[in-house]
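The chains referred to below are lettered A, B, ... by the order of the sequence lines, with proteins before strands, and numbering in each begins at 1.
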Amino acid sequence: MLKAKVILVALGAALAVPQALAGATPEEDRKETVEYFKQMFPDVPFEEFVNGQYALNDDRRKQWESMQDFPPYEFAVAEGQEMFETPFANGKTYASCFENGGIGIRQNYPYFDTEKNEVITLELAINRCRESNGEEPLKWKKGAIASISAYMASTSQGKPINIKVPDDPDALAAYQDGKEFYYSRRGQLNFSCASCHVQNPGKWIRADFLSPTLGQPSNFPVHRSKWGELGTLHRRFAGCNNNVRADPLPAQSEEYRNLEYFLTYMSNGLPVVGPATRP
Amino acid sequence: MASSIRVRAVENNGVTALKALVRHPMDSGFVKDSAGNVIPAHFIKVLTISHNGKNVFVANWGPAVSKDPFLECRFKGAKKGDELTISWIDNEGASDSTTATIA
Amino acid sequence: MTDQRRRGFLKGMLGVGVAGFALGSGIVPLRVEAATAPDGSDWPEKAFKTPGVDETIAELYGMEANESDQITMDLPTIAQNGAVVPVSVETTLPNVTGIALLVAKNPNALAAYFDIPEGTLPFVSNRLKMAETTDVVAVVISDGKAYKATQNVKVTVGGCGG
Amino acid sequence: MKKPLLAIGISLALSVPLAAQAGPKEDFQEVYSKAQSTHQDAGTFQWTVTGDRLKAAKSAAGNGEYEKAIAMANEALKLAEESVAQRKQQKEVWRQVAIGN
């Protein structure tokens with residue numbers, strides 16, 4: 001059953017799904033997704049999916065490995081640590097806002113806050129921490145917030161991603177909303193996230209080599225050669241949307257947070273490897 | 001202010017392998033900003049690595065070297081615990097220098 | 001201005017000529033002179049502002065370079081982004097005193113050149129910008145003569161845009 | 001000489017029900033506001049190209065070039081209609097390609 005469907009999806013065929021199948025749990029979604037990519041790339045070990053295109057293309061992998069010698073984000077991570085440890089005007093630090101003082105917790109983000117009824121991403125938590133301590137929020141996509149987030153990720157490297165969808169209708173709705181976003185075609189070019197990253201990973205789209213869904217959020221924030229600096233996951237979402245000529249949504253909008261929630265859940269069990277470099 | 005230079009130097013069988021990363025925009029002078037104005041060239045011209053007062057490597061760079069330049073080189077004659085000095089100067093006369101201990 | 005060419009040429013010859021003379025005469029060789037922080041005054045402005053590979057080699061070293069299969073270049077076949085292309089050069093040629101890296105299609109070909117004092121291995125690795133698909137040329141000065149090797153790299157996303 | 005005439009011809013053909021007494025400014029505003037509201041209706045499925053045309057239309061109108069403004073607004077309207085259709089269609093079909101429905 002799974003196999004037949006996987007093949008059909010891979011062919012991009014429109015598949016009428018029996019209603020009985022609808023309403024699968026997030027965990028069933030995830031297992032099926034893992035199985036799908038294992039079949040698509042039988043030679044790629046599970047943990048390697050976090051390296052995206054570098055798990056699939058040797059020439060690119062070599063370039064990446066040579067960048068790993070001294071990754072260009074090192075300065076930003078050091079600055080992020082400095083900012084993370086520098087007290088706010090009220091004397092408190094970021095550590096006061098996070099479990100375990102903010103160290104080694106990246107793998108738990110984003111999470112669904114059942115009291116506020118919304119998805120909390122790490123960047124959102126960083127800015128809420130600032131605001132609750134009387135500081136101005138940072139801009140969302142790059143700069144200081146990316147550096148702080150990169151430092152926090154760096155203290156969590158190797159920890160398996162552990163996103164939970166609590167037994168709560170709103171949490172499940174947020175997850176489903178993110179999933180719908182991932183699979184819905186958008187923009188004048190009529191592409192969904194999945195058109196590239198589920199149906200065509202390992203292929204070239206012009207000068208870009210497409211990575212698979214699995215492991216995508218493990219790397220963020222990433223230093224892209226194209227940007228020449230670190231950027232957050234939502235900056236990347238906006239870039240992808242823009243590429244297919246769909247109006248990007250604001251960083252940390254509910255839609256993008258739900259998308260991050262779904263996407264990161266799919267990578268449960270894969271290690272945090274951010275920050276990382278990408279073309 | 002943190003140093004603009006990050007260095008790792010490791011000695012093995014008499015050969016010291018040095019890797020350095022320098023924070024610098026390395027503007028080529030061929031790129032325009034979002035307002036359409038050319039960003040003037042701004043780049044490191046010379047970077048030297050010295051050991052015991054002697055240069056063991058001199059890099060002369062132009063604006064085609066990537067932003068936050070990376071350099072790797074290897075030399076003999078140094079041992080673990082020795083100090084290296086890495087210095088650079090750019091086309092606007094700015095400079096920086098740091099020391100690193102060979103591991 | 002013609003000074004520049006001579007200086008480049010001398011640099012190439014330095015390892016053999018001056019060092020040999022210095023050892024014989026008991027004078028401290030120039031190369032071992034106390035290192036001071038660089039002041040950039042030796043930076044060969046003109047060589048860095050010359051388009052074309054052969055023209056640049058002539059400007060920098062005052063001679064032509066011959067092909068050599070003893071130079072190994074390591075760079076990607078297809079650059080993932082022209083802004084950051086890792087390039088490494090290593091050679092088995094003897095008595096190397098300098099290595100230069102040239103990017104043929106860049107507005108000015110010379111990207112970097114390195115002095116290799118005695119005791120330093122003839123190896124260098126760094127990251128370069130490339131505007132488009134181009135030949136990359138490594139020039140090695142060995143025994144006072146210039147040798148070169150060439151490798152093509154395909155650049156689909158240029159390193160000179162915004 | 002011929003070009004402006006042609007442009008007027010096209011814009012006349014494109015502007016839908018044209019009240020005989022309405023001037024080009026009114027025609028423009030009608031198409032523009034329709035394009036704008038359709039664009040809004042696309043919700044999170046708005047296209048960048050629609051926004052570009054709307055902007056171009058507005059700036060042409062600001063310069064008094066109503067033929068061009070109307071043409072741009074009509075293009076925007078057409079694109080906006082496609083994006084709305086995409087939104088409605090995707091609501092129905094996205095599950096068909098999703099892993100683990």
Side-chain angles (χ1 to χ4, degrees), chain A residues 2 5-6 8-37 176-177 179-190 192 194-195 198-199 213 241-250 253-256 259 262 266, chain D residues 10 14 16 28 31-62 68-101:
Chain A
L2 171 67
K5 186 174 164 206
V6 161
L8 280 170
V9 170
L11 290 171
L15 181 64
V17 176
Q19 275 304 312
L21 265 181
T25 66
E27 192 52 16
E28 280 163 357
D29 285 356
R30 190 190 67 79
K31 283 184 178 153
E32 219 173 304
T33 301
V34 169
E35 194 53 40
Y36 171 84
F37 284 106
Q176 285 292 344
D177 194 47
K179 181 175 167 186
E180 180 171 342
F181 195 105
Y182 200 78
Y183 284 103
S184 295
R185 290 174 178 271
R186 287 188 145 68
Q188 191 184 29
L189 302 188
N190 202 31
S192 67
S195 306
V198 173
Q199 287 151 27
T213 305
N241 279 163
N242 205 51
N243 285 347
V244 302
R245 298 182 197 157
D247 265 338
L249 303 177
S253 58
E254 190 183 0
E255 288 86 356
Y256 276 3
L259 175 61
F262 161 75
M266 289 300 106
Chain D
I10 289 169
L14 287 175
V16 202
F28 161 73
V31 188
Y32 183 83
S33 72
K34 194 172 173 203
Q36 215 175 19
S37 69
T38 310
H39 186 47
Q40 288 308 316
D41 189 29
T44 65
F45 284 74
Q46 290 178 339
W47 292 3
T48 53
V49 282
T50 315
D52 295 344
R53 299 292 192 289
L54 284 170
K55 236 183 260 170
K58 195 156 199 176
S59 106
K68 190 183 166 197
I70 291 170
M72 283 291 133
N74 271 308
E75 279 186 37
L77 177 59
K78 193 169 157 283
L79 292 165
E81 282 167 350
E82 286 182 58
S83 67
V84 170
Q86 183 186 51
R87 175 175 68 79
K88 290 179 176 158
Q89 188 212 29
Q90 288 302 308
K91 198 88 197 153
E92 304 301 318
V93 304
W94 73 270
R95 274 184 193 280
Q96 297 174 4
V97 291
I99 295 178
N101 289 275

Where does [X] contact chain D at under 4.5 Å (heavy atoms): side chain, backbone, both or neither?
X      : result
A:Q188 : both
A:N190 : both
A:A194 : neither

Let me know if D:Q86 has heavy atoms under 4.5 Å from chain A in its side chain, its backbone, both or neither.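 Just the side chain, heavy atoms under 4.5 Å.
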What part of D:S83 lies closer than 4.5 angstrom to a heavy atom of chain A: side chain, backbone, both or neither?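 Neither part; nothing is under 4.5 Å.
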Salt-bridge criterion met for A:E27 and A:R30 (N-O under 4.0 Å):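 Yes.
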Got a salt bridge between D:K88 and D:E92, using NZ or NE/NH1/NH2 to carboxylate O under 4.0 Å?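 Not counted as a salt bridge, because no side-chain N and carboxylate O are separated by less than 4.0 Å.
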Parallel, tilted or perpendicular: which describes the rings of A:Y182 and A:F262, with under 30° parallel and over 60° perpendicular?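 Tilted, since the angle between the ring planes falls between 30° and 60°.
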Are any of the side-chain heavy atoms of A:E255 and A:L259 separated by less than 4.5 Å?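 The answer is no; the side chains never approach within 4.5 Å.
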Answer yes or no: is there a donor N or O on one side and an acceptor on the other, between the side chain of A:Y36 and the main chain of A:V198, under 3.5 Å?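 Yes, A:Y36 side chain to A:V198 backbone: donor-acceptor pair under 3.5 Å.
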